[in-house]
Amino acid sequence: MSSDHVQQAERSAGTEASAASAETTYLELLARGASAEAYEQPVLLARAEGRPAEWIAALQQAKPLALRVRSELEGRRRREAELSALFETAHDLAGLRDLDAVLRAIVQRARSLLGTDVAYLSLNDPARGDTYMRVTEGSVAARFQQLRLGMGEGLGGLVAQTARPYVTDDYFKDERFRHTLTIDAGVRDEGLVAILGVPLTLGHHVIGVLFAADRRARVFEREQIALLGSFAALAAAAIDTANLLTETRSALSELERANEIIRDRSGVIERASDVHDRLAELVLRGGGVHDVAAAVSEVLDGTVEFTEAAAAPAEPLEASRAEGHAVRHEDDWIAAVAAGGELLGALVLRGHPGLDPVDQRTLERAAMVTSLLLLARRSAAEAEQRVRGELLDDLLDARDRDPRLLRERAARLHADLESAHVVLAARIEGDAADADQEADARRRLAAAASHLAATRHGLASARDGGTVLLLPLHPGATATDVARRAARQLGTAVHAPVTVGASAPAADLAAQPHAVATAYAEARRCLDALRLLGRTGDGAAAQDFGFLGLLLAGDRDIPGFVAQTIGEVAEYDARRGTELLRTLDAYFACGMSPARTKDELHVHVNTVAQRLDRVGRLLGDDWQSPARALEIQLALLLHRLSAPAPAQH
């Protein structure tokens, strides 16, 4: 072997050795969990020691790979820590043994899930008439941790006084609440900027406030406010349960039948503990609201059902939401399912009039868990709603989309663009008091339309101050049927009249770039016609407007209008060789006078009467009413104009 080959082999071996050594160096850093800054040291040390260039290059090549592995390991450790914290908090809430431990778990969980720098909980002091810090997480300032707020002072005092959530993205610039030197000093020590506070309520009474705060400007979303409100409800329930247990222990010390009371209540508490464990398990494995109802039914030895808010008795449902407790209604118990002040439904315990207070609280806690599950389901539904809306917007606006991709996107939403569909334009009626109410009405209509589209395997999107829907046309149904059914269902969902205009059916929409936009324009014309005619809250298609339908329809279906209006008369003439159409023409031309008609046709007046009687049997008894007569005359004119011209001799 030549010396060149030997040197080349030695360099290759040296490079491989350098790479192996570099990998070993960074593996050792990974093994001992070194900080990110430590990964810079091997390269710097190698240069300082005058290591070969191959050695340094190998270290530089291995460093980003090692950092990537470290980042992945850190991410996994973080996710494992979050799951562990979630399980531990759920276990604490299920046990409800140590109030301080439960409150700490709730504050820690709230801070983790909302991703804030600080979370804390304050409780009202009825004796002193103020509120004080009970639990903090992430706080570093002693003065902040010892703050006491007068009722109405600061953001927390305002929440405690009004029993409503308040949020500020910049505390010191917000003038909605009363600033004091003491409170501002504590907040400034902690360095807080954005603060969200929600009340802890028991019935009509506010017992404290749960906060989440950041040391930078931040906008809290409505879902985050609702989520923190649900945690506040759990904290209030934990305090209520702890108070109940304290009251029970105090009573036991004073009553002669202490052992009997303990035995009586132990079974109920065990059932409560059992249902808490089951509910925690359901939340962790992603169960649904009906799973919650089934679990509580088994524990309470009764039938528990989840119902929509509209299906539950109104008065007891509103009382349950206002009081924060389950309310008895005849032989049933009703617990409102609410989040952030929004009523989502109710849990109803059937045929169980005698309910132990702890079992009552078990039903109430099941309602709280149900609200959390519904919020999660709503988030998923809103994501699907956005996807459906984006696809419909593309069908309406885009002219160069790939039909294959459109069909694939629709198929993922269980929609078949090749089948016949009807485009609907819907608008909610009623005068809104202000812009906020109008925007809320549009949001309710959009949500109801999205739900209808999802259940009917269609699409929906907000547009032009209303909503546009693309719904499949089932065999035997007409566009009018679809429009009227949609108007009825949407009106019921939003508790207000909804007017719906429909297009003519269209198929294979992905392959026709203009089909959906054209159909939407036709549906909008029908919607405008309904509103102009005072038929708000109704649904209709162009075919329902008689000759006006020719003006509303996108394709101006003249043969269809003629056939629908006088087709039976024309077919009778064709089969029998009669002259009913000619007689009709002459009858209207002669001012609907049979005497002048017989002169025009040169026939006996009885012949005219017999022919008109036959026309009445074919077209219906109201064929001479002003509206029908106008349509028939227009159809006769269009029939004459569309007939082939006579041959020239």
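The model shown is predicted, which means the values in this text are computed figures rather than measured ones.
- Side-chain atoms of Glu153 never come within 3.5 Å of backbone atoms of Leu158 as a donor-acceptor pair (strictly under, hydrogens ignored).
- Ring-plane geometry between Phe172 and His179 is classed as parallel, the angle between the planes falling under 30 degrees on a 0 to 90 degree scale with a further cut at 60.
- You'll find the side chain of Phe211 stays beyond 4.5 Å of the side chain of Val118, heavy atoms only.
- The backbone N or O of Asp170 sits less than 3.5 Å from a side-chain atom of Thr168, completing a donor-acceptor pair.
- A donor-acceptor distance shorter than 3.5 angstrom exists from the side chain of Glu190 to the backbone of Ala141, with no hydrogens or angles considered.
- Among all heavy-atom pairs drawn from Leu200 and Ala232, the shortest one is CG-O, 3.7 Å.
- For the atom pair CG (Asp130) and CG (Leu149), the distance works out to 8.0 Å, reported to the nearest 0.5 Å.
- When all heavy atoms are compared, the tightest approach of Pro165 to Ile225 is CB-CG2, 4.1 Å.
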task: For Leu210 and Val107, run side-chain contact (heavy atoms from CB on, under 4.5 Å): C-alpha distance rounded to whole Å, both residues' side-chain angles, the deciding distance at 0.1 Å, then the answer.
output: CA-CA 8 Å; Leu210 179 62; Val107 171; 4.1 Å; yes

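- We find the CG-CE distance between Leu121 and Met133 to be 9.5 Å, quoted to the nearest 0.5 Å.
- Shown here is Arg68, whose CZ atom has no more than 12 heavy atoms of other residues, nucleotides or ligands within 6.0 Å.
- Closest approach of Gly154 to Tyr171, counting heavy atoms only: CA-OH, 4.1 Å.
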task: Would you please test Arg444 and Asp440 for side-chain contact (heavy atoms from CB on, under 4.5 Å) and show each step?
output: CA-CA 6 Å; Arg444 287 188 286 114; Asp440 181 65; 3.3 Å; yes

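- The structure places CD1 of Ile195 at 6.0 Å from CG of Leu155, a figure rounded to the nearest 0.5 Å.
- Between Leu123 and Ile239, some side-chain heavy-atom pair lies under the 4.5 Å cut-off.
- Between Tyr166 and Asp174, the side chains place no donor N or O within less than 3.5 Å of an acceptor N or O (distance only, hydrogens not considered).
- Taken from CD in Glu223 to CG in Leu228, the straight-line distance is 13.5 Å, to the nearest 0.5 Å.
- Within the 4.5 Å cutoff, the side chain of Thr182 has heavy atoms near those of the Leu147 side chain.
- Residues Thr116 and Gln224 form no side-chain contact, since every pair of their non-hydrogen atoms from C-beta on lies 4.5 Å or further apart.
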- request: Could you please spell out the steps behind the side-chain contact (heavy atoms from CB on, under 4.5 Å) verdict for Thr162 and Phe177?
  value: CA-CA 11 Å; Thr162 62; Phe177 41 84; over 6 Å; no

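- In this structure, CD in Glu49 is found 4.0 Å from CG in Leu45, a value given to the nearest 0.5 Å.
- Asp117 places a side-chain N or O within 3.5 Å of a backbone atom of Arg215 that can act as its donor or acceptor partner.
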task: Would you please test Leu469 and Arg456 for side-chain contact (heavy atoms from CB on, under 4.5 Å) and show each step?
output: CA-CA 11 Å; Leu469 297 95; Arg456 294 281 305 279; over 6 Å; no

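- Counting only residues at least two apart or in different chains, ring pair (Phe, Tyr, Trp, His ring centres under 6.0 Å) contacts with residues 142-161 comprise Tyr120-Phe144.
- Residue Arg178 holds its CZ atom at 11.5 Å from CG of Asp184, rounded to the nearest 0.5 Å.
- Arg111 contributes no side-chain N or O that, together with a main-chain N or O of Ala212, makes up a donor-acceptor pair within less than 3.5 Å.
- Residues passing the side chain to side chain contact (heavy atoms under 4.5 Å, CB included) test with Asn124, sequence neighbours excluded: Thr131, Met151, Ala160, Val206.
- The minimum heavy-atom distance linking Val159 with Pro199 is given by the pair CG1-N, 3.6 Å.
- Smallest separation of non-hydrogen atoms from Ala460 and Ala449: CB-O, 3.7 Å.
- Counting only N and O atoms by type, the side chains of Ser139 and Gln145 include a donor and acceptor under 3.5 Å apart.
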